[in-house]
Amino acid sequence: MKLYNPQDVEQHAQNLWQEQQTFTVNQDSDKEKYYCLSMFPYPSGKLHMGHVRNYTLSEVIARFQKMQGKNVLHPIGYDAFGLPAENAAIQNKTAPAKWTYANMEDMSAQLKRLGFAYDWSRQLATCDPDYYRWEQWMFVRLFKEGLVYRKDATVNWDPVDQTVLANEQVIDGKGWRSGAEVIRKTIPQWFLKITDYAEELLASLDDMPGWPDSVKTMQKNWIGKSKGLEIDFEVPDFGDISVFTTRPDTLYGVSYMAVAPEHPLALQAAANNSELAEFLSQCSKEQSNEAAMATMEKKGMATGLTAIHPLTGEAIPVWVANFVLMSYGTGAVMAVPGHDERDHEFALKYDLPIKRVIAGDGDIEQAAETEHGILVNSGDYNGLNFDQAFERMQTYFEDKGIGRLQINFRLRDWGVSRQRYWGCPIPIIYCDKCGAQPVPEADLPVLLPEDVVFDETGGSPIKKMPEFYETQCPQCHGPAKRETDTFDTFMESSWYYARFTCPDYDQGMLSNEADHWLPVDQYIGGVEHAILHLLYARFYHKVLRDQGLVNSDEPFKRLLTQGMVLKDGAKMSKSKGNTVDPQALIDRYGADTVRLFSMFAAPPEQSLEWSDEGVEGASRYLNRLWHNIQEYIAAEYSVQPLNTDNLTPEQQQLRFKIHQTIAKVTDDIAERQHFNTAIAAMMELTNALSKFDDNSDNGVALRREGWLSLIKMLSPFAPHICQVLWEDMQQPGLIAEADWPVVDQAALVQDEVEMVVQVNGKLRAKIKVSADADQATVEKMAFAEDNVHRFVDGKTIRKVIVVPKKLVNVVVS
RNA sequence: GCCGGGGUGGCGGAAUUGGUAGACGCGCCGGAUUCAAAAUCCGGUUCCUUCACAGGAGUGAGAGUUCGAUUCUCUCCCUCGGCACCA
């Protein structure tokens with residue numbers, strides 16, 4: 001009997017796919033299109049288990065859809081620009097390009113070894129000028145449309161290395177290389193107006209049934225639409241400052257105001273107040289990321305200026321506070337310590353007055369009361385509720401011209417400038433006379449020099465290369481300087497899914513093939529991308545639409561967010577040294593085992609705690625399957641057609657199991673996307689088939705039906721072994737191109753069902769009843785059980801609940 | 001801190017609509033096979049009481065709704081992901 005040798009089996013199957021170009025697709029097909037995509041990898045070195053999990057998920061769905069008769073596009077490429085290449089460059093003294101291309105080659109070899117059904121002819125890399133030139137082209141176009149602008153923004157500055165640091169490179173407020181205390185620095189940067197699309201990005205979420213609710217909720221909260229009033233406070237000796245508040249009903253409770261350390265009022269006040277200037281300088285050393293802002297100690301200092309309360313005319317002290325964000329609202333807030341927790345904490349610390357202006361009976365000095373309620377201590381507004389007060393305040397301020405209704409978003413415009421080398425150059429030229437000019441279309445792409453040398457500090461080499469940045473102004477042709485910043489790498493990953501439809505098109509960013517394939521039917525990737533990448537891509541898609549390049553509103557119809565692969569409870573990463581190398585497992589067990597185990601270990605949305613032992617089980621299963629089928633083949637039965645009218649009870653039972661499994665596996669893959677339970681069901685069927693040793697004509701025919709259905713269903717998970725078993729069963733063509741098995745509903749009809757009998761909710765007996773038994777019959781049978789008697793006798797029967805085909809519950813007391 | 005997940009045997013997990021808690025697999029225990037071992041095959045395996053039949057407890061903790069809660073509600077604990085320059 002033929003032995004199972006995974007390496008040979010896998011080589012054989014992969015050769016067939018390669019020769020027949022099984023997974024190469026084009027749009028000229030009568031079949032319905034299906035676009036299946038997993039988030040492309042950053043080429044960081046070798047594949048890790050997170051990649052294997054991600055790519056096996058899209059693989060199973062792609063192969064399943066192909067067997068459902070679809071024309072499946074399943075591409076792969078590389079998100080090739082990014083920070084790790086620069087770190088590797090410093091460490092290994094190699095140019096980032098060289099390191100990146102070598103990694104891509106390694107990873108492609110591994111992906112091929114895993115037998116993934118990609119259309120390799122569409123492979124792309126975002127660091128390829130043929131890719132990024134279109135990104136530059138689009139940026140220029142958006143520049144002309146006014147969707148791009150330049151403004152000052154904060155970066156982490158390492159004063160020793162004289163370089164900008166990514167958040168990741170700041171450890172406990174210090175530069176990771178120099179160890180120097182990092183400071184906030186403000187420099188001009190380019191922004192995309194994602195806020196112009198905030199309303200639509202939010203509204204579309206309601207019409208995306210294929211996305212998990214958790215992701216939609218996170219995006220909704222991130223966009224953070226809030227309705228409030230913008231109110232102007234007069235500050236003598238400064239001018240007006242506006243504050244945004246969602247709680248105008250608490251206006252009478254304002255006891256101070258707070259502005260961000262970067263606010264013009266703070267800067268003016270600090271000009272002749274050295275103590276305040278020192279405080280602002282302290283604030284500039286604090287981390288500006290949101291988590292740090294929210295957890296740090298709240299600190300403030302009075303500016304000496306006062307604002308005039310617009311309703312009471314009271315003088316309100318204006319403070320500078322380290323927790324007020326210049327980037328949200330107006331950079332200034334009115335503080336109501338009685339009804340806002342943060343304001344309360346701050347008021348206690350600095351001994352500022354706390355007033356109750358919403359009715360309640362708690363001690364307002366002890367804790368803020370943040371719920372809506374009836375206004376008190378609020379002059380003419382006493383007795384109103386939130387909505388009434390909001391409306392009347394709005395009318396009052398609008399009439400006076402010192403306030404207005406304002407819809408604010410938490411979402412900020414997308415800063416796309418990076419002071420990095422390994423990225424797409426921003427196509428802008430600065431001319432002293434003409435200002436910032438976009439690079440003319442004819443001069444695109446602006447090529448990133450790849451032959452560069454990195455110094456220890458990590459500064460971008462192109463910033464020191466006159467041959468790169470010295471140029472001519474496209475307007476006046478005078479001497480000018482090129483922008484040396486590059487794009488955020490999210491720019492590349494925001495449209496790659498569209499470029500996969502026409503990766504070699506050189507007449508434009510996208511060809512008309514984009515509209516054939518888009519939107520992506522199924523997108524799969526790590527849950528860590530739930531907000532940033534997925535929001536930027538949605539935004540970019542709408543921009544592409546408005547530029548006439550695609551005709552859909554959303555890029556991804558259905559989204560599957562996979563959990564992390566953990567080892568010892570933590571995300572696998574090189575720095576933690578807890579990675580599992582899939583290559584060693586492939587060498588030992590073969591690709592099919594690794595794929596099968598990665599799907600079997602946990603449902604995709606959950607994080608997966610890695611265990612080496614489990615892999616052994618997947619390997620054993622494939623061996624068992626192989627031996628069972630080879631044994632069946634070796635017996636050389638003469639197979640007759642199955643006669644379903646004439647089955648023994650055992651045969652009927654097996655056929656029920658076969659078709660129940662087809663129904664279950666189909667539902668698990670297509671609808672529930674719970675691949676672990678699909679595999680468990682197939683294992684159960686394997687166990688049932690291997691125990692079934694009926695050699696009658698019908699028995700043999702039934703076993704054949706079972707084994708063939710099984711290997712078809714298993715083939716998306718373990719395609720190599722299934723292909724060889726398919727051939728050994730004398731089946732024509734490729735199993736990858738076979739039709740998915742179909743449920744015979746007649747096989748699922750059962751005449752008898754098992755029901756559970758409970759007394760007071762506790763299981764006391766099980767009964768077999770005919771499937772169409774009426775309630776009275778079922779009750780009678782339940783009460784006939786001895787064990788039911790034991791718990792019912794001598795008690796009063798209060799109620800009998802019968803759930804058809806499931807259970808009987810007798811309630812006694 | 002805020003937003004979103006998760007917590008079930010020794011372990012990974014199952015229970016799809018509120019209806020048998022622990023499917024499937026790992027590990028472990030016993031048996032068969034073997035000179036022996038590995039591999040393989042067969043059986044057992046939540047905990048406690050019991051020779052057995054059976055009974056009791058049990059899904060992070062506590063409360064609630066219900067005939068019935070892993071599932072719904074509330075409070076709390078632990079843990080993972082994200083927080084805009086890691087990708």
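Here is the naming used below: chain letters follow the sequence lines, and residue numbers restart at 1 for every chain. A quick note: this is a predicted structure, and the numbers were derived from the prediction, not measured.
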Got a sec, which residues hit salt bridge (Lys or Arg N to Asp or Glu O under 4.0 Å) with [X], two or more places apart in sequence or on another chain?
X        : answer
A:Arg184 : A:Glu262
A:Arg342 : none
A:Lys299 : A:Glu286
A:Asp213 : A:Lys216

Between [M] and [N] - [atom1] atom distance, rounded Å:
N     : M     : atom1 : answer
B:U16 : B:A21 : P     : 13 Å
B:C11 : B:U46 : P     : 14 Å
B:C85 : B:C24 : C1'   : 45 Å
B:G9  : B:C48 : C1'   : 14 Å
B:A61 : B:G7  : C1'   : 12 Å
B:A69 : B:G62 : P     : 15 Å
B:C51 : B:G58 : P     : 24 Å
B:C26 : B:U17 : C1'   : 32 Å

Under 4.0 Å between a side-chain N or O of [X] and OP1 or OP2 of [N]?
X        : N     : value
A:Asn787 : B:G55 : yes
A:Arg342 : B:C2  : no
A:Arg412 : B:A84 : no

Take the protein atom [atom1] of [X] and the nucleotide atom [atom2] of [N], then report the distance between them rounded to whole Å.
X        : N     : atom1 : atom2 : answer
A:Glu345 : B:C2  : CD    : P     : 11 Å
A:Ile531 : B:A87 : CD1   : C1'   : 15 Å
A:Met293 : B:C3  : CE    : C1'   : 17 Å
A:Phe487 : B:A87 : CZ    : P     : 15 Å
A:Lys185 : B:C85 : NZ    : P     : 18 Å
A:Tyr4   : B:A39 : OH    : P     : 18 Å
A:His529 : B:G4  : NE2   : C1'   : 16 Å
A:Trp190 : B:C85 : CH2   : P     : 18 Å

Check this for me: does any side-chain nitrogen of one of [X] and [Y] sit under 4.0 Å from a carboxylate oxygen of the other?
X        : Y        : result
A:Glu684 : A:Lys657 : yes
A:Lys463 : A:Glu483 : no
A:Arg410 : A:Glu290 : yes

Could you check whether [X] gets within reach of a base, just the sugar-phosphate, or nothing at all, counting any heavy atom under 4.0 Å?
X        : value
A:Phe490 : base
A:Ser417 : base
A:Val155 : base
A:Phe791 : sugar-phosphate
A:Glu671 : nothing
A:His533 : nothing

(message) Please encode protein proximity along nucleotides 8-28 of chain B as a string of B, S and -, counting only heavy-atom distances under 4.0 Å.
(response) ----BSSSB--BB--BBSSS-

Is it true that [X] and [Y] have ring centroids separated by less than 6.0 Å?
X        : Y        : answer
A:Tyr536 : A:Trp414 : yes
A:Phe40  : A:Tyr497 : no
A:Tyr589 : A:Phe597 : no
A:Phe323 : A:Phe346 : yes

(message) I want to verify the glycosidic state of B:G9; is it syn or anti under the 90° rule?
(response) syn

Tabulate atom names and distances for all N/O pairs under 3.5 angstrom spanning the protein and nucleotides 57-60 of chain B.
unit_1	atom_1	unit_2	atom_2	d
B:A57	OP2	A:Lys762	NZ	3.3

(message) I'd like to know if A:Arg420 reaches the base of B:C85 with its side chain such that a donor and an acceptor end up less than 3.5 angstrom apart.
(response) yes

(message) Ignoring hydrogens and geometry beyond distance, is the side chain of A:Gln189 in donor-acceptor contact with the base of B:C85 at under 3.5 Å?
(response) yes

(request) Grab the two heavy atoms, one from A:Leu622 and one from A:Asp592, that are nearest each other, plus how far apart they are. (result) CD1-CB, 3.7 Å

(request) Sort by first number and list every stem of RNA chain B: at least 3 consecutive Watson-Crick or G-U wobble pairs, both distances under 3.5 Å. (result) B:1-7 with B:77-83, B:10-12 with B:24-26, B:27-32 with B:40-45, B:46-49 with B:54-57, B:60-64 with B:72-76

(request) Taking side-chain hydrogen bond (donor to acceptor under 3.5 Å, both in side chains) as the test, write out the residues that go with A:Arg672, two or more places apart. (result) A:Asp668, A:Thr677

(request) Decide side-chain hydrogen bond (donor to acceptor under 3.5 Å, both in side chains) for A:Arg53 and A:Ser598; before the verdict, give the C-alpha distance in whole Å, the side-chain angles of both, and the deciding distance to 0.1 Å. (result) CA-CA 6 Å; A:Arg53 189 182 195 197; A:Ser598 73; over 6 Å; no

Donor-acceptor contacts, no H, no angles, side chain residues 419-426 of chain A, under 3.5 Å, sequence neighbours left out:
unit_1	atom_1	unit_2	atom_2	d
A:Gln419	NE2	A:Asp485	OD2	3.2
A:Tyr421	OH	A:Pro449	O	2.6
A:Trp422	NE1	A:Ala80	O	2.9
A:Trp422	NE1	A:Thr100	OG1	3.4

(request) Return the set of residues passing side-chain contact (heavy atoms from CB on, under 4.5 Å) with A:Trp626 (not counting sequence neighbours), or none when no residue passes. (result) A:Lys2, A:Tyr4, A:Val9, A:Gln630, A:Ile721, A:Val724, A:Leu725, A:Asp728

(message) Using the side-chain heavy atoms of A:Asn167, tell me which of these nucleotides is nearest: B:A87, B:G55, B:C86.
(response) B:C86

(message) So, taking the atom named CD1 in A:Ile662 and the one named CG in A:Leu685, what distance separates them when rounded to the nearest 0.5 Å?
(response) 8.0 Å

(request) Hey, could you give me the CH2/OH distance between A:Trp190 and A:Tyr149, rounded to the nearest 0.5 Å? (result) 11.5 Å

(request) Give, ordered by number, those residues of residues 80-90 of chain A having at least one heavy-atom distance below 4.0 Å to an atom of RNA chain B; if nothing qualifies, reply none. (result) A:Gly82, A:Leu83

(message) Expected output is a numbered-order residue list: members of residues 213-224 of chain A with a heavy atom under 4.0 Å from any atom of RNA chain B. What is it?
(response) A:Ser214, A:Thr217, A:Met218, A:Asn221, A:Trp222

(request) Tell me, please, whether A:Phe191 has A:Lys151 positioned over its six-membered ring: NZ or CZ under 6.0 Å from the ring centre and within 45 degrees of its axis? (result) yes

(message) Let me spell it out: for each of A:Arg764 and A:Thr489, pick the nucleotide of RNA chain B with the closest heavy atom. Which residue's pick is nearer the 5' end?
(response) A:Arg764

